[in-house]
Amino acid sequence: MTLEYVLLDVFADKPFQGTQIPVVNLAGRTLDEAAKKAVASEFQQTETVFIEPENPVPACVFTDRGPQRFGAHTILAASFMAFELGLSKTEGSFASFLLQQESGLIESFIDDNNGMPGNIQFARELSPTLDRYTPDVTRLAAALNTDEKHISFSKYKPLVVSVDTPTLIVPFTRPEHVLAANLNHDLWNAMLGEMYTSELFLFAPGSITGTTEFHGRLLNPNLAKAVFPPIGNVMPEFVAYLAEQQETASGTHIFSVDRGSPDTRKSILHAEFDKKLGREVRCRIGGNVIKMGEGTLFYA
């Protein structure tokens with residue numbers, strides 16, 4: 001059996017940036033879960049998307065551990081390929097595509113650039129849970145191997161936000177302090193950090209690309225130092241965090257955030273959200289996708 005696939009750079013404004021996501025086209029073919037896990041393992045990327053045009057649910061996400069929920073990166077990757085394969089619905093200057101997420105639906109919108117997929121955006125309604133009981137800044141700074149002033153002097157405060165996953169969001173004063181931070185596992189364990197969250201999102205106003213309002217970095221106890229994983233999956237939590245700030249007025253807010261380091265691949269994520277008192281936060285998250293390669297995988 002031969003399987004066609006493409007390699008996409010997601011949330012990338014130019015080639016060889018962003019996060020690489022393989023997308024396998026299963027048109028006319030069927031793979032069980034064990035086979036999808038094996039294929040995902042072969043690519044050795046963060047996640048692998050499978051497109052099944054004949055299936056009522058035409059897209060799914062796998063790693064070598066099994067099926068996964070759709071996150072920001074895989075939504076964009078699946079939407080890009082749905083446009084190329086003619087699975088999206090033409091809406092004039094753009095196309096739309098529906099993804100199944102458990103019992104709900106995720107709708108994405110793909111700009112039509114003369115028959116080529118352009119900027120891709122998806123919308124979500126957020127009903128976050130907020131927990132202001134967080135580690136004190138002194139202990140938190142020590143656990144992150146940073147100077148306390150780099151956190152305490154920020155205009156923002158640490159906060160645990162949960163939309164999909166409880167995430168401890170930690171503000172810093174400058175991007176270089178976010179880049180330099182790393183988790184001291186002994187101190188993190190001593191303060192029972194996993195009682196708060198298994199994920200930390202560090203951010204600061206500013207940019208490493210010179211084009212965004214914020215820089216962000218995801219940390220967790222399983223990551224090695226100097227690793228900069230994709231941050232798309234915590235964007236709902238970050239949007240909810242910004243919407244919760246007292247100085248964030250009602251109305252529509254637009255921002256962008258980059259991730260990576262000067263020596264690694266960089267991603268740029270664009271987001272906007274509507275804040276209305278007494279209502280759920282509606283957000284739209286998007287970015288660019290670049291096709292970097294395509295090929296054939298032989299599978300017995």
Side-chain angles (χ1 to χ4, degrees), residues 5-25 36 39-41 43-51 58-84 88 97-102 106-111 117-124 126 163-165 167 199 201 203 209 212 214-220 223 227-239 255-261 264-272 283-293:
Y5 69 88
V6 299
L7 294 176
L8 304 177
D9 281 354
V10 179
F11 290 117
D13 281 5
K14 58 183 180 180
F16 304 109
Q17 298 294 333
T19 299
Q20 194 168 78
I21 302 289
V23 183
V24 179
N25 180 9
K36 289 174 181 176
V39 171
S41 177
F43 283 117
Q44 296 187 0
Q45 297 296 334
T46 308
E47 293 168 304
T48 298
V49 173
F50 293 87
I51 302 290
C60 60
V61 182
F62 271 75
T63 68
D64 59 359
R65 299 183 303 277
Q68 306 293 315
R69 290 173 55 87
F70 275 100
H73 294 82
T74 48
I75 291 172
L76 264 64
S79 301
F80 181 97
M81 284 309 300
F83 184 98
E84 286 215 333
S88 56
F97 182 58
L98 285 175
L99 288 159
Q100 185 79 39
Q101 180 83 289
E102 297 168 349
I106 301 171
E107 186 172 17
S108 64
F109 307 95
I110 309 107
D111 287 346
N119 183 73
I120 303 173
Q121 189 177 71
F122 66 93
R124 288 193 60 181
L126 307 181
V163 176
D164 298 320
T165 302
T167 303
E199 300 273 39
F201 182 64
F203 82 95
T209 59
T212 64
F214 296 102
H215 173 70
R217 182 181 179 193
L218 193 63
L219 284 183
N220 69 55
L223 288 174
V227 173
F228 302 89
I231 63 173
N233 286 0
V234 297
M235 280 301 99
E237 281 78 13
F238 187 48
V239 167
F255 70 93
S256 56
V257 53
D258 60 21
R259 72 97 198 171
S261 74
T264 64
R265 299 173 70 100
K266 304 170 188 64
S267 297
I268 298 178
L269 296 81
H270 302 277
E272 57 186 77
C283 75
R284 294 161 293 281
I285 300 170
N288 295 315
V289 177
I290 299 174
K291 183 190 286 188
M292 294 300 298

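Keep in mind the model is a prediction, meaning the values are calculated, not measured.
The shortest distance between side-chain heavy atoms of Val24 and Phe43 falls below 4.5 Å. Taking 4.5 Å as the limit, some side-chain heavy atom of Arg124 sits within range of a side-chain heavy atom of Asp164. Here the side chains of Ile290 and Phe16 are not in contact, with every heavy-atom distance at 4.5 Å or above. Pro236 places a side-chain heavy atom less than 4.5 Å from the side chain of Ile285. Contact annotation: the side chain of Arg259 approaches that of Thr19 to within less than 4.5 Å [non-hydrogen atoms, C-beta and beyond]. Counting heavy atoms from C-beta outward, Ile268 and Gln17 have side chains that stay 4.5 Å or more apart. With a 4.5 Å cut-off on side-chain heavy atoms, Phe214 and Thr212 do not count as touching. Two residues are said to be in side-chain contact when any heavy atoms from C-beta on lie closer than 4.5 Å; Leu8 and Phe80 meet this criterion.
Ala72 and Asn233 make their closest contact through N-OD1, 3.4 Å (heavy atoms, listed as atom of the first residue, atom of the second, distance). Considering all non-hydrogen atoms of both residues, His73 and Ile231 come closest at CE1-N, 3.9 Å. Residues Leu269 and Gly232 come closest through the heavy atom pair CD2-CA, 3.7 Å. Listed here is the closest heavy atom pair of Gly118 and Ile110: N-CG2, 4.1 Å. Considering every non-hydrogen atom in both Glu84 and Pro117, the closest pair reads CG-CG, 4.1 Å.
For His215 (side chain) and Asp258 (main-chain N/O), a donor-acceptor pair under 3.5 Å exists by modelled atom type. Side-chain atoms of Gln101 come within 3.5 Å of backbone N or O of Phe70 as a donor-acceptor pair. Side chain of Lys266 to main chain of Gly18: no donor-acceptor pair is present (N/O by atom type, distance under 3.5 Å, no hydrogens or angles). Under a 3.5 Å cut-off, the side chain of Thr264 and the backbone N or O of Gly260 do not form any donor-acceptor pair.
Taken from OG1 in Thr48 to CD1 in Ile21, the straight-line distance is 7.5 Å, to the nearest 0.5 Å. Here OG1 of Thr74 is found 12.5 Å from CZ of Phe62. Values are rounded to the nearest 0.5 Å. Note that the OG1 atom of Thr167 and the CD atom of Glu199 stand 6.0 Å from one another [nearest 0.5 Å]. Between atom CZ of residue Phe203 and atom CZ of residue Phe238 there is a gap of 4.5 Å, rounded to the nearest 0.5 Å. For the atom pair CZ of Phe97 and CD of Glu107, the computed distance is 11.0 Å after rounding to the nearest 0.5 Å. The line from CZ of Arg65 to CD of Glu47 is 8.5 Å long, rounded to the nearest 0.5 Å.
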